[in-house]
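Indexing begins at 1, ligand by ligand and atom by atom, following the structure's order. The first residue in the sequence is number 1, and the count goes up from there. Since the structure is predicted, the reported quantities are computational estimates derived from the model, not experimental observations. Basis for what follows: all heavy atoms, side chains included, without hydrogens, waters or symmetry-related copies.
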Amino acid sequence: MSQERLVRAKQRWAEKQRARGVTARAERSGERLPPGQKLTTGFPVLDLGVQPRIDPADWRLRIDGLVAGPVELTWDQFNALPQVEDVSDFHCVTTWSKFDCRWGGVAFTTLHELVAPAPEARFVYFTGYDGYSTNVALDQCLDDDVLVATSFGGAPVSREHGGPARVIIPKLYAWKGAKFVNAITFLAEDKLGFWEVRGYSNTADPWTEDRYA
Ligand SMILES: Nc1nc2c(c(=O)[nH]1)N[C@H]1C(S)=C(S)[C@@H](COP(=O)(O)O)O[C@H]1N2
Ligand SMILES: [Mo]
């Protein structure tokens, strides 16, 4: 077969497969959807039954622990930091995933630089205004897709989804991202968060179905 005909034949085959939804199925069972997850187009809400209402004038983000310069940022100070956007997939341990979430806010690495953690700091403990907490190894937080997000899809993060600001760590199950975030603490020793003390995995890798400890 000539190369031209081969290419045409492949193209027709690809179009047919796409029409039959093969691409979508392959994506669901293949590389993009972690094992045991189902794709959702909605955006379920998971919280502790409280959605704190925080006026931006009262909002604070404290960053402390083993750092050279602890800070307590106001809403204006936080928003004056360099802003980034990142599109990522969202995987909840209760088996739903959402693709192509466009988050905007401040990169974790920016906050890390701002407070200059000591070399002994190897863990991060996040606290939310609702009393939620979660812990993550510092090296997991330093990927450039880890954000303290204030926008979703170009609009402010809604209260139900953790506004004014929530943490996003795309490579881990979503419980590792604190909604309504209020404090970020750098620690030398790991300290288990809300779900981690209740049997959820400490490492939370969706690709190995690392769900419960
Ligand atoms: N403050 C706070 N953050 C939280 C939670 C919570 O209850 N409180 N739930 C976690 C869980 S289990 C998941 S799956 C995601 C859910 O985010 P969503 O409600 O925007 O879907 O937030 C995580 N962060
Ligand atoms: Mo979750």
Side-chain angles (χ1 to χ4, degrees), residues 33-56 58-64 73 75 78 85-106 108 111 123-137 140-141 143 145-185 191-213:
L33 195 64
Q37 294 292 109
K38 291 182 284 294
L39 193 57
T40 179
T41 49
F43 197 175
V45 171
L46 280 99
D47 57 37
L48 302 177
V50 223
Q51 294 174 351
R53 186 185 296 278
I54 308 124
D55 191 313
D58 300 327
W59 183 89
R60 295 289 182 277
L61 178 62
R62 199 172 66 249
I63 313 179
D64 59 10
L73 300 172
W75 184 243
F78 181 79
E85 265 200 355
D86 185 70
V87 177
S88 59
D89 297 344
F90 189 100
H91 309 297
C92 173
V93 72
T94 62
T95 76
W96 58 270
S97 291
K98 182 174 176 59
F99 285 169
D100 297 318
C101 300
R102 183 159 59 94
W103 299 104
V106 175
F108 184 90
L111 302 173
F123 300 95
V124 186
Y125 189 83
F126 297 91
T127 311
Y129 272 102
D130 58 347
Y132 188 81
S133 57
T134 186
N135 59 297
V136 183
Q140 299 274 359
C141 296
D143 286 346
D145 57 3
V146 176
L147 310 187
V148 174
T150 51
S151 77
F152 173 73
V157 173
S158 66
R159 184 155 66 106
E160 57 178 6
H161 287 299
R166 73 172 300 167
V167 179
I168 291 296
I169 308 175
K171 292 187 184 76
L172 303 181
Y173 283 122
W175 87 76
K176 292 288 189 182
K179 308 203 297 188
F180 324 109
V181 65
N182 168 232
I184 301 177
T185 305
K191 175 179 166 188
L192 299 182
F194 184 89
W195 286 121
E196 289 82 4
V197 301
R198 290 168 176 80
Y200 281 40
S201 156
N202 198 21
T203 39
D205 172 19
W207 298 97
T208 56
E209 288 208 64
D210 179 17
R211 296 172 193 271
Y212 306 104

Do [X] and [Y] have side-chain atoms, one donor and one acceptor, less than 3.5 Å apart?
X	Y	answer
K38	T95	yes
T127	N182	no
Y125	N135	no

Please report the closest heavy-atom contact between [X] and [Y], naming both atoms and the distance.
X	Y	answer
L172	Q140	CD2-OE1, 3.8 Å
Y129	R60	OH-N, 2.9 Å
A149	I168	CB-CG1, 4.2 Å
Y173	D210	CE1-O, 3.6 Å
F90	C101	CB-SG, 3.9 Å

To the nearest 0.1 Å, how far is [atom] from its closest protein heavy atom, and which atom is that?
atom	answer
atom 3 (N) of ligand 1	K179 N, 2.8 Å
atom 24 (N) of ligand 1	G177 O, 2.7 Å
atom 9 (N) of ligand 1	L46 O, 3.4 Å
atom 22 (O) of ligand 1	R166 NH2, 3.5 Å
atom 8 (N) of ligand 1	D130 OD2, 2.8 Å
atom 7 (O) of ligand 1	D47 CA, 3.0 Å
atom 6 (C) of ligand 1	Y132 CD1, 3.4 Å

Out of all atoms in ligand 1, which are within 4.0 Å of some heavy atom of [X]? Include the element for each.
X	result
F43	20 (O), 21 (O)
C92	14 (S)
A178	3 (N)
L48	7 (O)
W175	10 (C), 11 (C), 12 (S), 23 (C)

_Just to verify, which of T134, V167, V124 counts as forming a side chain to side chain contact (heavy atoms under 4.5 Å, CB included) with K176?_
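It is T134, the one option of T134, V167, V124 that forms the side chain to side chain contact (heavy atoms under 4.5 Å, CB included) with K176.
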*Quick one: do K171 and D143 satisfy salt bridge (charged side-chain N to carboxylate O under 4.0 Å, His left out)? Show the steps, please.*
CA-CA 9 Å; K171 292 187 184 76; D143 286 346; 3.2 Å; yes
*At under 4.0 Å between heavy atoms, which part of F194 makes contact with ligand 1: side chain, backbone, both or neither?*
neither
_Using a 4.0 Å heavy-atom cut-off, which part of F126 comes near ligand 1: side chain, backbone, both, or neither?_
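For F126, no heavy atom sits under 4.0 Å from ligand 1.
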N/O to N/O below 3.5 Å, does that happen between [X] and ligand 1?
X	result
W96	no
V45	no
P44	yes

*Any cation-pi pair here, R198 with Y200, using under 6.0 Å and within 45°?*
no
*Looking only at heavy atoms of F90, does any of them come nearer than 4.0 Å to an atom of ligand 1?*
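Contact present.
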